[in-house]
Amino acid sequence: MSRWKGLPASLDHRVRHLVVHLRRLKDHSGLSLTALAARTPYSKSSWERYLNGKKLPPRAAVEALARVCDADAPRLLALQEVAAQAWHATRPAPAAGQPVPRPAGRSARYETAAPAGRAAPAGRAAPATAVTAAAPPSGRRMPLPPLLLGALAALVMAGAALLVVRLWQDATGITRAAVAAPAAGVPGAAPTFTHRPGEAFGCSVRRRAGALYAGHSRTDTAVLDSGATGWDVVEAQCLLHRRGCDPGVVDGIVGGRTRRAVQRLQARSGLPTDGIVGPDTWKALRR
């Protein structure tokens, strides 16, 4: 199994979730980065940047990896769309005067954002700052008024966004039952997870119906690999403490110390020591 570098601490948890899934696919396929580059249109250095959180994997790269690894492409593409929204939301807009690349598929030329307050030199035409839409041929009418077209486009985009969010929730195991966990008697559970550097969470492990629970998650199927974050990770770290396998600070992130603690528990329980928390490891944690 590959020894991956730790993902950047500043990486959004939605991007981190996508990268962890892509890493697991690559590891399970047994392909090296060189072999992966040979089977896809992307170079070895590109895959190195994608799988280490340095650059957002594009949609086509995710599709290529799913095809090579015979994986569930729609699920991965849903994760990529959510990750792309988070990635672009944290990137600042280009400053005035800097080149702005046109969307893929158009000319390789760049448009320059014009600085505010500056006029074009005398005798010269002002440079174009935006691509204008081609006017309809004379004598023809537009099939629908612009306002109606805009409303239809907004409805389509809203429906697509709801579908992507639902697919992402299904892919990450965030169900209504999990969100409603506090009402079902799991104290301290929360519908969302936000990690702050240096923050640690408390553990209150109790036995309910013959199984141990720390009050952060009731899952017994979530797969937690290096770089995974969330309440499932907090739950696993608390249970590792209870089992005498110290994972370090209970911070909700699977790092090197947490993986080593998982491997110690797996060795004691007669499980493969891959350091990944899966259904069998959850059973060992909750005994």
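These values consider heavy atoms only, across backbone and side chains, with no hydrogens, waters or symmetry-generated copies.
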Student: Please determine whether residues Leu25 and Leu36 belong to a single hydrophobic cluster, defined as Ile, Leu, Val, Met, Phe, Trp and Tyr linked transitively by side-chain heavy-atom distances below 4.5 Å.
Tutor: yes

Student: Measuring only between side-chain heavy atoms, which start at C-beta, is Asp220 closer than 4.5 Å to Lys283?
Tutor: no

Student: Do you see a donor-acceptor pair shorter than 3.5 Å between the side chains of Ser226 and Arg259?
Tutor: yes

Student: With salt bridge (Lys or Arg N to Asp or Glu O under 4.0 Å) as the rule and sequence neighbours excluded, what pairs involving residues 30-50 come up?
Tutor: Glu48-Lys54

Student: Honestly curious: do Val205 and Val262 fall in one hydrophobic cluster under the side-chain, below-4.5 Å linking rule?
Tutor: yes

Student: Taking the cut-offs as 6.0 angstrom to the six-membered ring centre and 45 degrees off its axis, would you call Arg206 and Tyr213 a cation-pi pair?
Tutor: no

Student: Should His21 and His17 be marked as a ring pair (Phe, Tyr, Trp, His ring centres under 6.0 Å) after you check the CA-CA gap, both sets of side-chain angles, and the distance that decides it?
Tutor: CA-CA 6 Å; His21 271 70; His17 192 77; 4.4 Å; yes

Student: Does anything in residues 231-287 pair up under disulfide (SG to SG under 2.5 Å), and if so which pairs, sequence neighbours excluded?
Tutor: Cys203-Cys238

Student: Which of parallel (below 30°), tilted (30 to 60°) and perpendicular (above 60°) describes Tyr50 and Trp47?
Tutor: perpendicular

Student: Closer than 4.0 angstrom, basic N to acidic O: yes or no for Asp246 and Arg264?
Tutor: no

Student: Distance alone, cut at 3.5 Å: any donor-acceptor contact between the side chains of Trp4 and Asp27?
Tutor: yes

Student: Could you walk me through whether Arg286 and Glu235 pass the side chain to side chain contact (heavy atoms under 4.5 Å, CB included) test, one step at a time?
Tutor: CA-CA 10 Å; Arg286 296 203 184 277; Glu235 180 80 4; 2.9 Å; yes

Student: Do the side-chain N and O atoms of Gln263 and Asp274 include a donor-acceptor pair separated by under 3.5 angstrom?
Tutor: no

Student: Could you list the donor-acceptor pairs under 3.5 angstrom formed by side chains in residues 57-69, with sequence neighbours left out?
Tutor:
| unit_1 | atom_1 | unit_2 | atom_2 | d |
| --- | --- | --- | --- | --- |
| Arg59 | NH1 | Glu81 | OE2 | 3.1 |

Student: Tell me whether Leu51 shares a hydrophobic cluster with Leu79, the cluster being built from Ile, Leu, Val, Met, Phe, Trp, Tyr side chains joined at under 4.5 Å.
Tutor: yes

